[in-house]
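Contents: one structure, followed by commentary.
Note that the structure is a prediction, hence the values are computed from the model and not measured.
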Amino acid sequence: MLPVRQAMLIAYSTGILWLQRNPMSLVFTAISPFSLLFVLFVVSGGQYVHLAVAGSLVMALVGYGLALGQDISFYKTEYKIQDIFVASPVSPLTYMMGLALSELLFGLPALTVLAILVVYFGGSLLTIPLLLVTILLLWGSMSAMGFFISSHMLHMRNATQVISFVNVILAVLPPVFYSVSTLPDALRYLSYAVPTTHASIMFQQTMGLATPADWSLGFGFAVQIAYLVGFVALAKTKAIWRET
């Protein structure tokens, strides 16, 4: 229970205390996914609202997960706060989980609204477990990825640039805001190697949209679990925790 308590304390000090002083942070963190959702809704006249909602939820999860890397880089290179945790009994994974929870606090209002929209646009109460599990899998894998990447960044500018690039690779280029069926076969199979593709398809399925014939729910879960386990393992074994 000690690691859980430590993670909660880290989340409280870096999340709740910050929000108490800067409540407008909740608004700023919701701008990106909702602004793109608004643009797509207006441009398509509501025709692609299901794809827009699914894509916005995926983009939000990727953004909040990878933002962990930017925060860790900032705490490590600017504030030197990480040195305190390195010298304490806190493990790297506990530190990662605490900051990931604080990022989740920032994004919770936006994620809640987007999840409600998924259920509203064709979903049902029976699909809520699938929706929640998909959200947790993607959030967990993106947080672990952000932590692993940031641990190898020596400067804040490098971390921001790399994480922004990864954000585009995961949330913009794959079939997140558009149907995977529009891709040629070669690119479609390549897109199946990206977890965000499967998360978007799962959200689309939750809203009652048809899924590709060569895709299955088990396949989607397998890819997302593989990313989660893989990046948590990398964060535990290959992340640079102590500076030498």
With no hydrogens and no angle check, is any side-chain donor or acceptor of [X] less than 3.5 Å from a backbone partner on [Y]?
X: S56; Y: V53; answer: no
X: S200; Y: T196; answer: no
X: T94; Y: V90; answer: no

Euclidean distance, [Y] [atom2] relative to [X] [atom1], rounded to 0.5 Å:
X: M145; Y: L228; atom1: CE; atom2: CG; result: 10.5 Å
X: Q205; Y: L131; atom1: CD; atom2: CG; result: 11.5 Å
X: I201; Y: T134; atom1: CD1; atom2: OG1; result: 11.5 Å
X: Q224; Y: M142; atom1: CD; atom2: CE; result: 8.5 Å
X: L57; Y: L138; atom1: CG; atom2: CG; result: 8.0 Å
X: H50; Y: L117; atom1: NE2; atom2: CG; result: 10.5 Å

Just so I know, are the side chains of [X] and [Y] near enough to count as touching, which here means a heavy-atom distance under 4.5 Å?
X: S181; Y: P212; value: no
X: F221; Y: M202; value: yes
X: H198; Y: W215; value: yes
X: M59; Y: F177; value: yes
X: Y189; Y: D214; value: yes
X: L209; Y: L51; value: yes
X: T211; Y: V180; value: no
X: V176; Y: V194; value: no

Under a 4.5 Å side-chain heavy-atom rule over Ile, Leu, Val, Met, Phe, Trp and Tyr, are [X] and [Y] clustered together?
X: L108; Y: L99; answer: no
X: V133; Y: V229; answer: yes
X: V62; Y: V166; answer: yes
X: L136; Y: L104; answer: yes

Full working for side-chain hydrogen bond (donor to acceptor under 3.5 Å, both in side chains) between T182 and S179 = CA-CA 6 Å; T182 61; S179 175; 5.5 Å; no
Counting only heavy atoms not in F34, do more than 12 sit closer than 6.0 Å to its CZ atom?
->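 Counting neighbours around CZ of F34, more than 12 heavy atoms of other residues, nucleotides or ligands fall under 6.0 Å, so yes.
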So with a 6.0 Å cut-off around CZ of F38, is the heavy-atom count from everything else above 12?
->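 No, because the 6.0 Å sphere around CZ of F38 holds 12 heavy atoms or fewer from other groups.
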Ring centroid separation Y192 to F219 under 6.0 Å =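 Between Y192 and F219, the centre distance is under 6.0 Å.
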From CA spacing to verdict: side chain to side chain contact (heavy atoms under 4.5 Å, CB included), L101, M8 | CA-CA 8 Å; L101 288 172; M8 292 297 181; 4.1 Å; yes
Checking T206, V118, V119 against I128 for side chain to side chain contact (heavy atoms under 4.5 Å, CB included), the one that qualifies is V119
Taking it one step at a time, do F147 and F231 satisfy ring pair (Phe, Tyr, Trp, His ring centres under 6.0 Å)?
-> CA-CA 9 Å; F147 177 75; F231 274 100; over 10 Å; no
Apply side chain to side chain contact (heavy atoms under 4.5 Å, CB included) to S150 and L68, showing your working.
-> CA-CA 8 Å; S150 68; L68 167 68; over 6 Å; no
